[in-house]
Protein chains: 2
Amino acid sequence: MRPSKRDELVRKAFAIFYRDGFHATGMDRLVAETGISKTTMFKHFRTKDELILAVLRYRDETFRNWFFRRLDAYGETPKEKLLAIFDVLREWFDEPAFRGCMFIKASAEFQEPSHPAYTQSAEHKRLLHQAFCRLAADAGAIDPDMLARQLLILKEGAIVAAHMGFDADPAGASKQAAKALVDAATGSA
Amino acid sequence: MRPSKRDELVRKAFAIFYRDGFHATGMDRLVAETGISKTTMFKHFRTKDELILAVLRYRDETFRNWFFRRLDAYGETPKEKLLAIFDVLREWFDEPAFRGCMFIKASAEFQEPSHPAYTQSAEHKRLLHQAFCRLAADAGAIDPDMLARQLLILKEGAIVAAHMGFDADPAGASKQAAKALVDAATGSA
DNA sequence: TCATAACTGAACAGATCGGTACATTTATTG
DNA sequence: CAATAAATGTACCGATCTGTTCAGTTATGA
C-alpha cells in the first residue's frame with residue numbers, strides 16, 4: 001500500500017495538533033512524536049500549512065462520517081435523529097481525548113478570512129448545516145433552515161461549554177433546549 | 001498619572017492579540033504596533049504570559065461591564081433582559097473589529113487545563129452563567145440554573161456562528177430560540 | 001534645580017521556528 | 001538480483017522567538 005506513510009502522518013499529526021494547537025506545535029515535535037522523519041514530511045507536504053490543511057480535510061471527513069453514522073444508530077425517524085445530535089455529542093464529550101472542536105480552534109488560530117484553514121473550517125460547518133437542514137425538512141419542520149441553524153448553534157455552544165468546562169452537562173442542557181425547538185417547529189407535543 | 005503606560009500597553013495588546021492571536025503575535029510586533037519599547041513591556045510584565053493574563057483580565061472586566069450595561073439599556077424587566085442578551089450580541093457581531101470571543105480563542109490556544117489563561121477563560125464564562133442565573137431567577141424561571149445554562153450555550157453558539165460565518169443572522173436565530181426557552185421556563189405565552 | 005523614576009533604542013543571547021541538502025539505509029517491484 | 005522508489009538521520013540555513021543588557025533620554029516632583 002503506497003500512501004500509507006502519508007496517511008499515518010496525517011492521522012498522527014491530527015492527534016497532536018488537536019491536543020496542543022497548531023502554532024504551539026513545531027515540526028520538530030511532530031518528528032519526535034510521530035517517529036516520521038522531517039524529510040519525509042516535507043516530501044509529502046511542501047509546507048506546514050499544507051499539512052495542516054490535509055489534517056483538517058481528514059478531520060472533516062472522519063468526523064462527519066462518525067457523527068452521522070452514530071446519528072443513524074440512535075434514531076429511526078428524522079425527528080429522533082435531530083434530537084440524537086445531542087446524544088452523539090455526549091459520547092464525544094465523554095471521550096478522554098475530547099478537546100473541543102478542531103475547526104473552532106483552527107478558525108481561532110488562523111483568523112484572516114482568506115486563510116484556507118479558516119475557509120475550510122467554515123465549509124465544515126456549512127456541510128453540517130446542510131445535513132441538519134435535510135433532517136429538519138424530513139422531520140416536517142415549518143422552517144427547516146431556521147431549525148437547522150438553531151440546532152447547529154446549540155451544538156457549537158454545547159461544544160464550547162464542554163471544552164471550557166463551565167457546564168456540568170452541556171449535552172443534557174442543549175438536548176432539552178433542542179427538544180423544545182423541534183417540538184415547536186414540527187407542531188407536536 | 002502613574003500606571004498609564006501599563007494600561008495603554010494592555011489596551012493596545014488586547015486589540016492586537018484579539019485580531020491576530022496569541023502565539024501568532026510576537027513581542028517585536030507588539031513593540032512595532034504599540035510604539036511602546038520592549039524594555040518597558042518587560043518591566044511591567046516579567047513574561048509574555050503575564051501580559052496575556054493581564055489582557056484577559058482587562059477583557060473580562062470591560063466586556064462584562066459593557067455587556068450588562070447594554071442589557072440594562074435594552075430591557076426593563078428581567079425577562080426582557082434575558083432576551084436582550086441576543087440584541088446585545090447583534091451589536092457586537094456588527095462591529096467591524098468583531099473576531100469572536102477572546103476567551104474561546106484563549107482556551108483554544110492554551111489547552112492545558114492547568115494553564116492560567118485556560119482557567120481564567122473558564123472563570124469568565126462562569127461569571128456570565130452566574131449573572132444569567134440571577135436574571136433567570138428574577139424572571140421567575142422554574143429552573144433558573146438550567147435556563148441560564150441554555151441561554152449561555154445559545155450565546156456561545158451564536159458567537160461561534162458569527163465568527164465562522166456559517167449563519168447569516170446568528171443573533172436572530174438564537175434570539176428566537178431563546179424566546180421559546182424563556183417562555184416555556186416562565187410559563188408565559 | 002536636582003534627584004529620581006520611567007521610558008527608549010539598539011544590540012544581543014540562546015532557543016526554536018519552518019524548511020533544505022545530502023548521503024545512507026530500507027522497501028518494493030520488475 | 002538488480003533497479004528504483006521511499007524513508008531516514010543529521011547537519012545546516014536564515015528568520016523569528018522570548019527575554020536581557022545597558023547606556024542614554026525624557027518626564028516628574030520635592
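In what follows, every chain begins at residue 1, and chains take the letters A, B, ... in the order their sequences are listed. Given the structure is predicted, the values throughout are model-derived calculations rather than measurements. We use all heavy atoms of the structure for the numbers below, so side chains are in, but hydrogens, waters and symmetry mates are not.
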Could you check how far [atom1] of [X] sits from [atom2] of [N], rounded to whole Å?
X: A:M41; N: D:dG9; atom1: CE; atom2: C1'; answer: 13 Å
X: B:I52; N: D:dT18; atom1: CD1; atom2: C1'; answer: 11 Å
X: A:H44; N: D:dA5; atom1: NE2; atom2: P; answer: 15 Å
X: A:E8; N: D:dA6; atom1: CD; atom2: C1'; answer: 13 Å
X: B:L51; N: D:dT18; atom1: CG; atom2: P; answer: 11 Å
X: B:K43; N: C:dA5; atom1: NZ; atom2: P; answer: 11 Å
X: B:L30; N: D:dG19; atom1: CG; atom2: P; answer: 12 Å

Is it the case that more than 12 heavy atoms not belonging to B:E95 sit under 6.0 Å from its CD atom?
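It does: B:E95 CD has more than 12 such atoms within range.
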
If you look only at distance, which donor and acceptor atoms sit under 3.5 Å apart when one is on a side chain in residues 10-17 of chain A and the other is two or more places apart or in another chain?
| from | atom 1 | to | atom 2 | distance (Å) |
| --- | --- | --- | --- | --- |
| A:K12 | NZ | A:E8 | OE2 | 2.8 |
| A:K12 | NZ | A:T34 | O | 3.3 |

Classify the ring geometry of B:F98 against B:W92: parallel below 30°, tilted from 30° to 60°, perpendicular beyond 60°.
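Perpendicular.
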
Please state whether the rings of A:F63 and A:W66 are parallel, tilted or perpendicular, taking 30° and 60° as the class boundaries.
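Ring orientation, 0 to 90° scale: tilted.
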
5' to 3', nucleotides 16-25 of chain C under a 4.0 Å protein heavy-atom cut-off (B base, S sugar-phosphate only, - none) gives -SSBBBB---

Rounded to the nearest 0.5 Å, what separation is found between the CG atom of A:L9 and the NZ atom of A:K43?
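It comes to 12.5 Å.
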
Under 4.0 Å between a side-chain N/O of B:T40 and OP1 or OP2 of C:dT8, yes or no?
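For C:dT8, OP1/OP2 do have a side-chain N/O of B:T40 under 4.0 Å.
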
Contacts table for residues 153-165 of chain B: side-chain donor-acceptor under 3.5 angstrom, sequence neighbours left out:
| from | atom 1 | to | atom 2 | distance (Å) |
| --- | --- | --- | --- | --- |
| B:E156 | OE1 | B:K125 | NZ | 2.9 |
| B:E156 | OE2 | B:K125 | NZ | 3.1 |
| B:H163 | NE2 | A:Q111 | OE1 | 3.4 |
| B:H163 | NE2 | B:R99 | O | 3.3 |

